[in-house]
Amino acid sequence: MAARVDRLFEVFDRLFAIKEECSSEIFCECGLDDITSRQIDYLKVIDEHRDVTFSRLAEITKNSKPTITEMVDRFVQIECAYRQRSPDDGRVVHIRLTEKGQMIANVEQNALYRMIDRMVQMLDEDEVDLLVEILRKVG
């Protein structure tokens with residue numbers, strides 16, 4: 001039994017490593033191999049709250065407006081976000097993500113898709129079906 005557990009551990013450890021490689025590939029493709037986890041978290045918040053304003057983002061993240069402005073300026077500089085004035089009230093500015101920003105905000109999901117794509121390329125249809133069947137039993 002211990003040998004099976006060890007083999008499972010090795011397989012899952014390798015799968016997690018592959019997913020991490022896929023995440024790293026995405027960061028490199030976006031030219032952001034030095035982005036911090038905190039910045040990724042902010043991009044996720046912006047992505048989740050679609051029409052978020054500077055004030056609302058400061059509220060959500062429990063930061064000051066100057067801190068949010070500095071962070072958004074950085075996101076604009078690295079082409080992950082842009083500012084958009086509200087068509088209803090020109091005084092209101094929304095923070096929007098670019099395609100690159102959305103890719104980073106959803107890096108976990110995007111890396112998982114890449115990992116699955118790699119697996120599908122390496123397995124035949126029957127093996128994929130078997131893998132799905134096995135995973136459904138445990139999940």
**Prompt:** Among pairs that include at least one residue of residues 20-33, which meet salt bridge (Lys or Arg N to Asp or Glu O under 4.0 Å), considering only residues two or more places apart or in two chains?
**Reply:** Arg14-Glu21, Glu21-Arg118, Glu25-Arg114, Glu25-Arg118, Glu29-Arg114
**Sequence-distant partners of Gln39, side chain to side chain donor-acceptor pair (under 3.5 Å), two or more places apart** = Thr36
**Request:** Not counting sequence neighbours, which residues clear side chain to side chain donor-acceptor pair (under 3.5 Å) with Ser64? List them please.
**Result:** Thr67
**Item:** Pairs flagged by side chain to side chain donor-acceptor pair (under 3.5 Å) wherever residues 126-139 is involved - sequence neighbours left out
**Value:** none
**Asked** Can you list the residues that meet the side chain to side chain contact (heavy atoms under 4.5 Å, CB included) rule with Asp73, with sequence neighbours excluded?
**Response** Thr69, Arg83
**Asked** Does Phe12 have any side chain to side chain contact (heavy atoms under 4.5 Å, CB included) partners at least two apart in sequence or in another chain, and if so, which?
**Response** Leu8, Leu15, Phe16
**Complete:** Sorted by chain and number, sequence neighbours left out, side chain to side chain donor-acceptor pair (under 3.5 Å) with Ser24 holds for none
**Request:** Not counting sequence neighbours, list each pair that qualifies as a salt bridge (Lys or Arg N to Asp or Glu O under 4.0 Å) and has a residue in residues 84-93.
**Result:** Asp89-Arg91
**Request:** Using the salt bridge (Lys or Arg N to Asp or Glu O under 4.0 Å) rule, collect all pairs that involve residues 104-113, keeping only residues at least two apart or in two chains.
**Result:** Lys19-Glu108
**Request:** Report the residues that fulfil side chain to side chain donor-acceptor pair (under 3.5 Å) with Glu99, sequence neighbours left out, ordered by chain and then residue number.
**Result:** none
**Message:** Which residues pass the side chain to side chain contact (heavy atoms under 4.5 Å, CB included) test with Met103, not counting sequence neighbours?
**Reply:** Ile26, Cys30, Asn110
**Fill in**
For residues 41-51, the salt bridge (Lys or Arg N to Asp or Glu O under 4.0 Å) pairs (sequence neighbours left out) are Asp47-Arg50, Asp51-Arg96
